[in-house]
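All residue numbers in this chain count up from 1 along the given sequence.
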Amino acid sequence: MLRTANAHEMLDGRLDDRTALRGNLRDLRRINWLLGGARLSWLALGHLLGSSSEPVTLLDVGTGAGDIPLALMSRASRTGGCLTVTAVD
């Protein structure tokens with residue numbers, strides 16, 4: 001596999017090309033889905049939420065497309081948990 005450690009990340013540059021930005025965010029969502037990003041995060045977060053009614057706050061730094069925090073909030077809501085997320089990129 002070609003190593004791209006020094007490659008330029010599109011989201012760190014100018015964001016004036018809407019087509020490229022949409023494509024990049026779509027790719028991030030796809031990668032997160034393929035690698036189980038939300039599922040793996042839920043495994044850890046589910047332990048914090050547990051059966052408690054206490055709210056849990058999550059800070060997602062470098063959220064990218066925001067798909068993981070959205071999925072976590074949706075799942076918490078379905079399971080009766082109280083999750084607040086602040087997501088920044």
Side-chain angles (χ1 to χ4, degrees):
M1 178 183 335
L2 180 61
R3 188 166 170 91
T4 57
N6 296 323
H8 176 74
E9 185 174 320
M10 290 182 70
L11 291 179
D12 288 340
R14 294 183 57 178
L15 301 177
D16 56 349
D17 184 341
R18 291 188 181 272
T19 301
L21 177 60
R22 274 194 298 274
N24 190 251
L25 293 174
R26 181 199 62 234
D27 292 345
L28 286 173
R29 287 189 300 271
R30 183 179 300 141
I31 289 167
N32 286 338
W33 182 79
L34 289 170
L35 297 178
R39 183 182 58 81
L40 293 172
S41 296
W42 181 258
L43 289 174
L45 192 58
H47 292 291
L48 291 173
L49 290 170
S51 60
S52 172
S53 61
E54 291 295 316
V56 172
T57 301
L58 174 72
L59 173 61
D60 183 1
V61 177
T63 196
D67 54 310
I68 291 178
L70 288 172
L72 294 174
M73 289 186 334
S74 175
R75 185 146 182 197
S77 178
R78 287 192 314 269
T79 60
C82 182
L83 176 63
T84 301
V85 175
T86 300
V88 295
D89 194 87

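The CZ atom of Arg29 sits 10.0 Å away from the CG atom of Asn24 when rounded to the nearest 0.5 Å. Between atom CG of residue Asp67 and atom CG of residue Leu72 there is a gap of 9.5 Å, rounded to the nearest 0.5 Å. Put simply, CG on Leu21 and CG on Asp17 are 8.0 Å apart, with the number rounded to the nearest 0.5 Å. Separation of atoms CZ (Arg75) and OG (Ser77) is listed at 12.5 Å; rounding is to 0.5 Å. Taking CG from Leu58 and OG1 from Thr63, the interatomic distance works out to 8.5 Å, rounded to the nearest 0.5 Å. Taking CZ from Arg26 and CZ from Arg22, the interatomic distance works out to 10.0 Å, rounded to the nearest 0.5 Å.
A donor-acceptor contact shorter than 3.5 Å links the side chain of Ser41 to the backbone of Gly37.
Leu83 and Ala76 make their closest contact through CB-CB, 3.7 Å (heavy atoms, listed as atom of the first residue, atom of the second, distance). Counting all heavy atoms, side chain and backbone alike, Val85 lies closest to Met73 at CG2-CG, 3.5 Å.
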